[in-house]
There are 2 protein chains.
Amino acid sequence: MATVSNGDGGGRPRRPTGADVARRAGLSRATVSYVLNDTPHQAIPEPTRQRVLAAAAELGYTPSAAGRALRNGHSEVVLLLLPDWPIGPSVGELLESLSSALAELGLTFVAHPRSTGRPVSDVWKAITPAAVITFEQLDDAETTKLEAAGVELAVALFGGRRGGRALDIPEQRTGRLQAEHLAAAGHRRLGYAWPDDPRVLTFAQPRLEGVRHACADFGLPEPEVVTVPLTPEGVTGAVRAWRAGEPAVTGICAYNDEVALALLAGARRVGVDVPGDLAVVGVDDIPASAVSLPTLTTVRADTAALAGHIAESIRRKLDGRPVSRRPGSDIHAVIRRESA
Amino acid sequence: MATVSNGDGGGRPRRPTGADVARRAGLSRATVSYVLNDTPHQAIPEPTRQRVLAAAAELGYTPSAAGRALRNGHSEVVLLLLPDWPIGPSVGELLESLSSALAELGLTFVAHPRSTGRPVSDVWKAITPAAVITFEQLDDAETTKLEAAGVELAVALFGGRRGGRALDIPEQRTGRLQAEHLAAAGHRRLGYAWPDDPRVLTFAQPRLEGVRHACADFGLPEPEVVTVPLTPEGVTGAVRAWRAGEPAVTGICAYNDEVALALLAGARRVGVDVPGDLAVVGVDDIPASAVSLPTLTTVRADTAALAGHIAESIRRKLDGRPVSRRPGSDIHAVIRRESA
DNA sequence: CTGTTAGCGCTTTCAT
DNA sequence: ATGAAAGCGCTAACAG
């Protein structure tokens, strides 16, 4: 009966498999599998359970992801497709929170930056994730291809235009909070600093919408929207445009902190005082906003809460449980600093 | 002979497998595999090759990553472990470049943000990547665990202290270029703006070292190192400290653009003119540096070249080919703007 | 040159 | 309550 030795005798010690655990516990692979997965509708007496658990622990057993993926048709990985616009600290923070939140629920989080060259579909073929997260909605065509590739679930974080496939993070709130803050401070004529990058349209649009609604609610005129190219000339031009208004714009809601900080520099270049002549509110609360001159008033999202909601939604959908659609509305808050 | 139908008859159409291709081409699975993988030392006559390729194309066959991973012991994925400090635009850019460069070589790139909660080892167990990239060197303990888990290769980008396992991106160069630029502009007394975050030590150290060496080469005294907390008080304190020197420091090499931009604000707060009284040079060339007041002179890395080098190194190591250790030295360059 | 075949580690009927 | 065994899709050693 010269069967294969366990690696102790010869080559480098193999990683223990489910079969090893079964052998050690004096049980079958099936039983081991049942125990380790808490398979529903399988009654396992406590002593047996313990035997398996002990054997697994002693051997340092960890299930093979590849084996599982092959069997189940997908891995335990959640894949986030990064947007094609340059990512900054706020996205970085979101990634970190998502990673933690999903880990909590037994899912491994990874992010993939869209690579010029290969099509995205290659990515999920190489990962076969349980779920794919995108910032913006995927084409219907791509979505079906995704499902055909074995991916159970595709979620878009923002821009829940059509169907119901988006998580619908409330971006409008940020715009509304900016405008409310300025209105409460007595500003009667607001400007919106629109980003000079078509790729972020999906975010800019709802934020501006939020500002619009808030203006309406406060009886203020429509916000003066100006596109702000991120160059010295671009920002000074924008500031001049607002100042030239009749009456002049005195409060700016910026698309995000990056734009807002640029405006701060631009204002100074043309001799406009912030917040004296012009108040500025950003979005994101990136680290730089706490050390600028003046420091930047901004709207911050509770990334951890957001990530928790996303992770939970994904878990539930994967388990076929119902999902509560919208995250709580209190995840955004104004950070009051010097600029407004 | 009522064998299983191909899905055409019943449920949703299965993804085609290698067996399907073989059947369609009237060949065996083995031959298909040989053709599709260009297996070395397997002579395949052209007509056969074409038959296989045609069948695969018609069926829209794509290999199952899970099957392959199970068989090979690892996937075709390269996993980057993100550092635990907050990531900004420069890391974002690197990710994008890496993704493209690796895709070019047939590898799928993903990044994992260290999650509080689960240990990192869970990540590569869930992915079984072909290679793992880290920013800083991994413990020897973790490296062996990695290899035990089936990962062929671990590469650290920076801080090639011990052994030889690091790619050794030349961070010293950035510091050297900063200092050279300032020295060439006539500054005789330099300061170094040290980051107030212990987690980035691995980067700050070599950069400062580069500044030191450059100072020595130019016959300048040692740079005046001041830690710069990213708060309004922190930055004003730092600026005051340099100005109080005897003789006063007139040129600052900042750890990165984030610190440099903060210093710009700090200088203005205490009435110090940049670059008149104090010149500042950053590192990274983040977008904000092009719109600050003054705009920031900084050292930029050619991320694409860097990523190309890294990708190539990984490919070679995975293939067992020799690796040229250091990237070209011309990947860093000073971007001259208003601040120095 | 091409085909047969044995697994990689896992889950899950179906029997017992 | 537990076990035997099939099979997910792929590669490579071995025959022919």
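Per chain, numbering begins at 1; letters A, B, ... match sequence-line order.
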- Task: Could you tell me whether the side chain of B/S97 and the main chain of B/E93 form a donor-acceptor pair under 3.5 Å?
- Result: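 At least one qualifying donor-acceptor pair exists.
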- Item | Carboxylate-amine/guanidinium contact B/E46 B/R49, below 4.0 Å |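 Salt bridge flag = yes for B/R49 with B/E46.
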Does a nitrogen or oxygen in the side chain of [X] sit under 4.0 Å from OP1 or OP2 of [N]?
X: B/T17; N: D/dG9; value: no
X: A/S28; N: D/dA4; value: no
X: B/Y34; N: D/dA13; value: no
X: B/N72; N: C/dC8; value: no
X: A/T48; N: D/dT2; value: yes
X: A/T31; N: D/dT2; value: no
X: A/S33; N: C/dC10; value: no
X: A/S64; N: C/dG9; value: no

Rounding to a whole Å, what distance do you find between [X]:[atom1] and [N]:[atom2]?
X: B/R71; N: D/dG7; atom1: CZ; atom2: C1'; value: 16 Å
X: A/D20; N: C/dC8; atom1: CG; atom2: P; value: 10 Å
X: A/Q50; N: D/dA1; atom1: CD; atom2: C1'; value: 16 Å
X: B/R68; N: C/dG7; atom1: CZ; atom2: P; value: 22 Å

- Query: Quick one: are B/R15 and B/T62 in side-chain contact, heavy atoms under 4.5 Å?
  - Reply: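 Yes; the side chains approach each other to less than 4.5 Å.
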- Query: Just checking, any donor-acceptor pair under 3.5 angstrom between side chains of B/T116 and A/S100?
  - Reply: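 B/T116 vs A/S100: donor-acceptor pair found between side chains.
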